[in-house]
Every structure is written in C-alpha cells, then in structure tokens.
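Written out below as structure tokens is the structure these notes cover.
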Amino acid sequence: MLAVRDARDRAAFGRLFDHFAPRLKAMIMRSGMAADQAEDVVQDVMLTVWRKAGMFDPARAQVSAWIYQIARNRQIDVIRRETRPVPEELSQETSCEPAADQALALEQEAAQLRAALAELPEAQRTMVEQAYLGDLTHGEIRVNTGLPLGTIKSRIRLALEKLRHDLKELRAQ
C-alpha cells in the first residue's frame with residue numbers, strides 16, 4: 001500500500017487488487033448482495049483505493065481495515081440507493097418530451113458556459129474542471145496536483161466569480 005501511496009506503483013496496486021478483490025467480493029456476497037453487483041462494488045472500492053491512496057495513514061489503521069471500511073461504506077451506499085423510496089411524482093413515467101424552446105435554451109446556456117470556461121486562465125479552468133466535471137474533492141485535487149489546498153480553493157473561488165460575472169453579462173445582453 002505504501003508503494004501505491006508514495007510512488008503510484010501499478011504493480012503494487014495489482015498485487016493489492018489480487019489479494020483483496022476476492023476477499024471483498026466474498027464479504028459483500030455474504031451480506032446478501034448478488035455476485036454481479038458485488039463485483040461492481042469491489043471494482044468501485046479498488047478504484048477508490050487507487051484514487052485515495054494518498055489519504056492512507058498506516059499510523060491510523062492497517063491496510064486491510066482501511067480497505068474494508070471503504071467497502072463497507074460503499075456497500076451501505078448501494079443498499080441505501082436501492083431501498084430509497086421514489087416520490088410518487090417521479091415514479092410515474094412521462095411520455096412527453098421537453099419543449100423545443102426549453103431544449104434550445106438549455107443548449108444555448110451550455111454553449112455560453114463552455115465559452116466562459118474557455119476564457120478562464122488555464123490554472124483556474126483546470127481546477128474547476130477537476131472539481132465539477134471530474135467530481136474530485138479538493139483533497140483529491142491536492143493529491144493529484146501537489147498544490148496547497150488554499151491555492152486550489154482560491155483558484156476555484158476566483159474562477160466561479162469570473163464565470164458568474166461573465167454569464168451575468170451574457171444574460172443582460
């Protein structure tokens with residue numbers, strides 16, 4: 001795990017995967033989840049282990065405890081998602097398509113947003129893309145880029161302010 005955390009060693013991760021994947025699948029299946037769904041959870045867990053390897057601290061937990069906790073949390077997420085009741089309005093399928101004017105307005109707004117993103121300085125655009133399009137946390141961005149957390153937050157804040165200003169001007173036109 002330390003080789004994965006410190007050097008992003010793919011071979012070490014492969015060994016970690018080979019060791020833990022069957023054990024995680026068995027544990028998840030013992031709790032009543034189907035084999036194919038358990039495999040999906042295991043893949044998701046191991047991807048999280050790779051992405052968040054920088055957060056592993058051997059002083060706080062053993063590797064196995066850390067990985068099994070991630071698996072347990074992911075399994076709970078899957079179960080909650082399956083058992084969440086659907087509001088009555090959403091459970092009824094609607095056959096009508098969105099109005100053409102709504103679709104056009106949405107496409108125009110998306111184009112405006114893409115244009116405004118393109119106008120951002122590269123450093124700010126990269127942070128916004130990772131945070132909002134890549135769905136990464138600020139901590140994950142810090143691990144990926146090596147930048148201080150304050151720098152990441154400042155770049156995102158400045159980018160969002162510029163986007164807000166630019167889009168407000170476009171709407172006023």
Provide the closest heavy-atom pair for V4 versus A53 in the form atom of the first, atom of the second, distance. CG1-CB, 3.8 Å
Strictly by salt bridge (charged side-chain N to carboxylate O under 4.0 Å, His left out), give each pair with a member in residues 4-19 just once, sequence neighbours left out. none
Please say yes or no: joined through hydrophobic side-chain contacts below 4.5 Å, possibly via intermediate residues, are V63 and M55 part of one cluster? no
If you measure from the Lys or Arg side-chain nitrogens to the Asp or Glu carboxylate oxygens, is any gap between R114 and E107 under 4.0 Å? yes
Test of understanding: clusters of I, L, V, M, F, W, Y form through side-chain heavy atoms closer than 4.5 Å, transitively. Do L47 and Y68 belong to the same one? no
With sequence neighbours excluded, what pairs up with D44 under the side-chain hydrogen bond (donor to acceptor under 3.5 Å, both in side chains) test? R74
Output every pair passing salt bridge (charged side-chain N to carboxylate O under 4.0 Å, His left out) with a member in residues 137-166, not counting sequence neighbours, ordered by first then second residue. K52-E140, R157-E161, K162-D166
To the nearest 0.5 angstrom, please state how far the CD atom of Q124 sits from the CD1 atom of I152. 13.5 Å
Would you say the side chain of M127 lies within less than 4.5 Å of the side chain of L147, judging by non-hydrogen atoms? yes
Shared ILVMFWY cluster between V42 and W50, side chains joined below 4.5 angstrom? yes
As an exercise, state the distance from CZ of R30 to CE of M27, rounded to the nearest 0.5 Å. 7.5 Å
Would you sort out whether W66 and R60 count as a side-chain contact (heavy atoms from CB on, under 4.5 Å), showing the intermediate values? CA-CA 9 Å; W66 187 68; R60 294 184 65 202; over 6 Å; no
Intermediate values then yes/no, side-chain contact (heavy atoms from CB on, under 4.5 Å), F17 and Q43: CA-CA 9 Å; F17 188 95; Q43 289 290 326; 3.5 Å; yes
Scan side-chain atoms only and decide if E122 and T126 contain a donor-acceptor pair under the 3.5 Å cut-off. yes
Atom pair NE2 (H19) and CG (L24), whose distance is rounded to the nearest 0.5 Å: 9.0 Å
Derivation of the side-chain contact (heavy atoms from CB on, under 4.5 Å) call for V45 and V41: CA-CA 6 Å; V45 167; V41 171; 4.1 Å; yes
Determine, using the 4.5 Å side-chain heavy-atom cutoff (strictly less than), whether V78 and M29 are members of one ILVMFWY cluster. no
Mind checking the NE2-OG1 spacing from H138 to T151? Nearest 0.5 Å is all I need. 12.5 Å
Closest non-hydrogen atoms of K25 and A35, given as atom of the first, atom of the second and distance, are CE-O, 3.9 Å
Approximate separation, where rounding is to 0.5 Å, of R72 CZ and S31 OG: 11.0 Å
Below 4.5 Å, heavy atoms only, C-beta onward: do L149 and I141 meet side chain to side chain? no
Distance (rounded to the nearest 0.5 Å) between I156 CD1 and E129 CD: 11.5 Å
Give a yes or no on whether the backbone of A118 and the side-chain of R125 come within a donor-acceptor separation of less than 3.5 Å. yes
Verdict with reasoning, F56 to L2, per side-chain contact (heavy atoms from CB on, under 4.5 Å): CA-CA 8 Å; F56 174 69; L2 295 178; 4.2 Å; yes
Should V49 and V143 be counted in the same cluster of Ile, Leu, Val, Met, Phe, Trp and Tyr side chains packed under 4.5 Å apart? no
